[in-house]
Structure formats: structure tokens, C-alpha cells
Amino acid sequence: MKLAVLTGGGDCPGLNAVIRAVVKSAHQSGLEVLGIKDGFRGAVEGDFMPLTLNDVSGILPRGGTILGTTNRDNPFAYETKLDGKLKSIDRSDDVLRNLKERGVDVLVAIGGDGSLNIALKLADKGLSVIGIPKTIDNDLMATDQTFGFQTAVETAKEALDRLHTTGESHHRIMVLEVMGRYAGWIALYAGVAGGADVILIPEIPYNLNRVAQSIQRRAKQGKKFSIIVVAEGAKPLGGEMVVDRLVSGRFDPIKLGGIGAKLGHDLEEHSGIETRVTVLGYLQRGGSPNAFDRVLSTRYGVAAVDAALEKEFGIMVALRGRDIVRVPLHEAVDKLKLVPLIDPLLIAARALGIEMGD
């Protein structure tokens with residue numbers, strides 16, 4: 001049996017740990033592994049590389065991915081220049097042909113909802129596919145956690161710790177914009193861990209007046225600074241998410257960004273308190289994975305190879321409690337996992353007096 005592995009979508013801490021686990025566990029069972037460069041682009045263009053034990057030696061603590069990745073190049077809508085113009089055409093058959101020519105039996109796709117949706121469509125065309133859930137946003141259904149999430153939260157928490165000291169010194173409102181797309185998991189976890197006074201998430205449209213009043217109330221109590229965490233997908237009551245730009249060729253062309261600046265401007269006008277905004281951006285994706293994500297990534301990689309050996313395809317390996325289980329791939333990408341209003345951490349945040357904007 002020969003496996004091919006690719007990393008698709010945005011990079012995140014733990015990708016190399018998964019690749020390492022796939023290669024090392026496959027080697028133990030006598031399987032060959034090929035790496036596909038730059039996500040589905042490499043699958044379409046036939047850009048493969050052998051992955052040996054030497055190739056994965058020492059990559060466990062490294063951020064990024066040795067294979068490269070992209071959140072564009074959907075093979076079912078692949079941007080190709082025809083007659084001097086860029087057009088989106090279906091090149092999924094090229095993926096199947098390239099894999100077959102190289103004797104690949106199983107594709108291990110490491111990605112978020114976009115990459116795994118593509119993998120599901122390839123499975124529907126007869127390809128043996130195993131998915132591994134990856135995204136710092138933690139928004140994939142059917143798994144308790146995706147790898148990369150905990151490290152992103154740690155990065156945001158450290159930023160909040162630093163913003164506390166400068167905010168307190170200058171008596172300012174400090175706004176930290178974090179990633180998460182349409183889900184508020186990073187903002188919620190980092191906000192609680194970092195002692196935020198206000199946490200604004202996409203699942204709860206915020207009332208600006210209420211947020212401003214909570215900050216003014218703190219000021220009257222002698223607390224001359226406030227820390228706010230806002231998820232990039234948050235939006236005001238009756239308003240819309242702030243879109244940075246549209247990116248063609250992506251599974252989801254919408255790139256969010258800018259809510260922090262909008263919120264900071266609005267709050268300064270309403271409260272009269274000087275406000276500063278920090279956009280954490282790609283810092284959340286970079287760097288070495290923490291211990292939790294290294295362990296989870298390793299378990300996912302081993303579980304994917306086990307599923308291949310047992311010839312169980314069209315599935316995604318997932319964390320349920322302490323166990324790694326296999327779930328149908330379509331369940332993982334059916335809809336996004338958003339923060340429920342009865343989430344225990346959300347309830348705990350309210351109990352602490354953290355303002356959620358509603």
C-alpha cells in the first residue's frame with residue numbers, strides 16, 4: 001500500500017508533527033509515503049516528493065509544513081489561463097490520474113473545512129480518502145478539538161498578558177483582534193485565559209452601547225483600563241461582519257479583517273477613553289506547536305495510518321473525549337462548529353462578569 005499526504009488551507013502549528021507521525025507509523029508497517037507539495041495544487045500539477053524517515057527527522061517542533069500549503073487551487077474550480085483569461089475549470093480528474101500513475105492507494109488530507117470538503121468530493125469520485133482535522137479556528141464538526149487551536153490560544157493569551165501592562169500604564173482601552181473566521185472559539189478561550197473584560201464573538205452580535213457602558217462602569221469603579229478581545233467574525237447588532245477583501249480561487253473567498261479597528265474607533269467615540277487596537281493576525285498560525293498540539297497531531301497521524309491499514313476510507317479521524325475515533329467525512333464538513341450559547345466556558349465567562357456584548 002502506498003499513501004500520499006497533503007496539507008491544505010492555512011498553515012497552523014502541528015502540521016509537521018502530523019506528517020512525521022504518518023511517515024513514521026507507515027514505515028513501521030512497511031508502507032510507502034509520498035508527499036504532495038503545496039496542497040491541492042501539487043495534486044493537480046503532479047508535484048510529488050518521497051517522504052522517508054530522514055525527511056521527517058527533527059520536524060516535530062517546527063511550525064509550518066515541510067510540504068507547503070495553499071488555501072487556493074480547488075481542483076474542482078482550478079484557476080487556469082485559457083485564451084489569455086483566467087477561468088475556473090474542473091481538474092479533479094487530473095488529481096485522480098496523477099495519484100493513479102504514482103501507484104497511490106490512499107490520500108491522507110490534512111486540512112480544515114475547505115480542504116476536507118474537496119477531499120469529500122474526491123472520495124465521491126472513488127478516491128480512497130482519510131481526513132485529519134486541522135485549523136486554529138477549531139470550527140470543524142465531529143471532533144472535540146482540531147490541532148493548532150491550543151497553540152493559537154496560547155499565542156493570543158500571551159499577547160493579552162502584554163497588553164494588560166501597557167493598557168494599565170496608559171489608562172487605555174486595549175482591543176485585540178484574533179482569528180477564528182465565523183466561530184468564536186479562539187476569542188472565548190484566549191479571553192478567559194488572558195483576563196479580558198470584554199469578549200466579542202460572531203455567535204453573539206454585540207450592542208456597542210452596552211460594551212461602552214461596561215467600560216465606563218469599570219472606570220467609575222477605579223479601573224482605568226479595559227481589555228477587549230474581538231473575533232474577526234464578530235459584528236455589531238444589526239450590522240455585518242467586516243470583510244477585508246475577496247480572494248479568488250479559495251474555497252471560501254471571503255477574507256475577514258478590520259473589526260478591531262472599527263470597534264476601537266466606535267468605542268473611543270462613545271466612551272471618551274483613548275483606545276488602541278492590536279491585530280494578532282498570522283502570529284496565531286506561526287511558531288512551534290505546544291505540547292498538547294504535538295501530542296494530538298501525533299495521535300491523528302498514527303490513527304490515519306491505522307485506518308488505511310484497516311481499509312476504512314471516506315472518514316476523518318477525530319478526538320472524542322480522550323479517544324481518537326473515526327467519523328464519516330461528510331459529518332465533519334456538514335456545517336461549522338460554532339460556540340453554542342450554552343457552552344460551559346461561555347457560561348463561566350458570564351459568571352465572572354465578562355461582558356459578551358449582549
Side-chain angles (χ1 to χ4, degrees), residues 1-9 15-56 59 65-78 80 89-112 114-134 251 297-298 300-317 326-330 332-333:
M1 184 182 291
K2 184 183 290 187
L3 310 181
V5 59
L6 65 77
T7 53
L15 284 169
N16 283 325
V18 177
I19 296 168
R20 172 181 177 270
V22 168
V23 173
K24 287 177 72 72
S25 57
H27 176 78
Q28 292 292 320
S29 298
L31 307 184
E32 185 179 348
V33 182
L34 294 180
I36 301 175
K37 296 183 181 179
D38 301 328
F40 285 102
R41 182 206 65 80
V44 171
E45 304 294 344
D47 197 357
F48 292 68
M49 63 180 284
L51 287 175
T52 66
L53 292 178
N54 285 338
D55 293 314
V56 299
I59 69 171
T65 164
I66 62 170
L67 294 176
T69 188
T70 176
N71 48 19
R72 305 188 189 189
D73 301 327
N74 179 353
F76 291 91
Y78 198 79
T80 305
I89 63 175
D90 186 347
R91 294 191 60 184
S92 57
D93 286 340
D94 291 335
V95 174
L96 300 181
R97 184 180 64 254
N98 287 330
L99 292 170
K100 183 176 181 181
E101 287 177 353
R102 288 161 179 78
V104 173
D105 301 291
V106 182
L107 173 66
V108 177
I110 309 168
S115 298
L116 294 184
N117 263 293
I118 294 170
L120 177 60
K121 293 178 72 174
L122 291 171
D124 290 339
K125 297 190 73 165
L127 185 63
S128 297
V129 173
I130 297 170
I132 297 180
K134 172 244 41 158
F251 183 82
S297 299
T298 299
Y300 278 153
V302 171
V305 173
D306 287 344
L309 289 168
E310 295 174 20
K311 301 187 184 304
E312 189 169 351
F313 307 122
I315 59 98
M316 183 188 79
V317 294
R326 301 167 190 171
V327 298
L329 194 51
H330 68 83
V333 298

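It should be emphasised that the depicted structure is a prediction, and the values quoted were computed from it without experimental measurement.
Leu51 CG to Leu3 CG: the interatomic distance, rounded to the nearest 0.5 Å, is 10.5 Å. Between atom CG of residue Leu329 and atom CG of residue Asn117 there is a gap of 8.0 Å, rounded to the nearest 0.5 Å. Here the CD1-OH distance, from Ile130 to Tyr300, works out to 14.5 Å after rounding to the nearest 0.5 Å. Note that CD1 of Ile66 and CG of Leu15 are 10.5 Å apart. Values are rounded to the nearest 0.5 Å. Rounded to the nearest 0.5 Å, atoms CZ (Arg41) and OG1 (Thr70) are 8.5 Å apart. The CG atom of Asp105 lies 12.0 Å from the NZ atom of Lys100; values are rounded to the nearest 0.5 Å.
For the pair Lys134 (side chain) and Ala109 (backbone), a donor-acceptor distance under 3.5 Å is absent. The backbone N or O of Thr7 lies less than 3.5 Å from a partner atom in the side chain of Thr69, making a donor-acceptor pair. The closest donor-acceptor contact from the side chain of Arg102 to the backbone of Gly46 lies under 3.5 Å. Without hydrogens or angle criteria, Asp73 side chain to Phe40 main chain gives no donor-acceptor distance under 3.5 Å.
Closest heavy-atom contact between Pro50 and Leu34: CA-CD2, 3.8 Å. Looking at every heavy atom in both residues, Gly301 comes nearest to Ile132 through CA-CD1, 4.3 Å. A pairwise comparison of heavy atoms in Leu116 and Pro133 identifies CD1-CA, 4.4 Å as the closest pair. For the pair Ala43 and Asn98, the tightest heavy-atom approach, listed with the atom from each and the gap, is O-ND2, 2.9 Å. Between Gly42 and Ile36 the shortest heavy-atom distance is C-CG2, 3.5 Å. Between Ile315 and Ala307 the shortest heavy-atom distance is CD1-CB, 4.0 Å.
Put simply, the side chain of Leu67 reaches to within 4.5 Å of the side chain of Met49, judged on heavy atoms. The side-chain heavy atoms of Phe76 and Ile118, taken from C-beta on, include a pair separated by under 4.5 Å. Side-chain contact between Phe313 and Leu127 is absent, with no heavy atoms from C-beta onward closer than 4.5 Å. No side-chain heavy atom of Ile110 sits under 4.5 Å from any side-chain heavy atom of Thr65. Side-chain contact between Tyr78 and Val95 is absent, with no heavy atoms from C-beta onward closer than 4.5 Å. Counting only heavy atoms from C-beta outward, the side chains of Asp55 and Val23 never approach each other to under 4.5 Å. Side-chain contact between Lys37 and Glu45: absent, with no pair of heavy atoms (C-beta onward) separated by less than 4.5 Å. Looking at Ile19 and Ser297, their side chains never come closer than 4.5 Å, going by heavy atoms from C-beta outward.
Asp94 is linked by a salt bridge (charged side-chain N to carboxylate O under 4.0 Å, His left out) to Arg91, Arg97, counting only residues two or more places apart in sequence or in another chain. Take Glu310 and apply the side chain to side chain donor-acceptor pair (under 3.5 Å) test, not counting sequence neighbours, and it matches Arg326.
Counting heavy atoms of neighbouring residues, nucleotides and ligands inside a 6.0 Å radius, atom NZ of Lys2 exceeds 12 of them.
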Exercise. Passes side-chain contact (heavy atoms from CB on, under 4.5 Å), Val108 versus Val33? Steps please.
Worked result: CA-CA 10 Å; Val108 177; Val33 182; over 6 Å; no
Problem set entry | side-chain contact (heavy atoms from CB on, under 4.5 Å) assessment of Val106 paired with Lys311 | CA-CA 9 Å; Val106 182; Lys311 301 187 184 304; over 6 Å; no
Problem set entry | Check against side-chain contact (heavy atoms from CB on, under 4.5 Å), Val5 and Val18 | CA-CA 10 Å; Val5 59; Val18 177; 5.9 Å; no
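Between the side chains of Ser92 and Lys125, at least one donor-acceptor pair of N or O atoms lies under 3.5 Å. Side chain to side chain, Asn54 and Thr52 fail the donor-acceptor criterion of an N or O pair below 3.5 Å.
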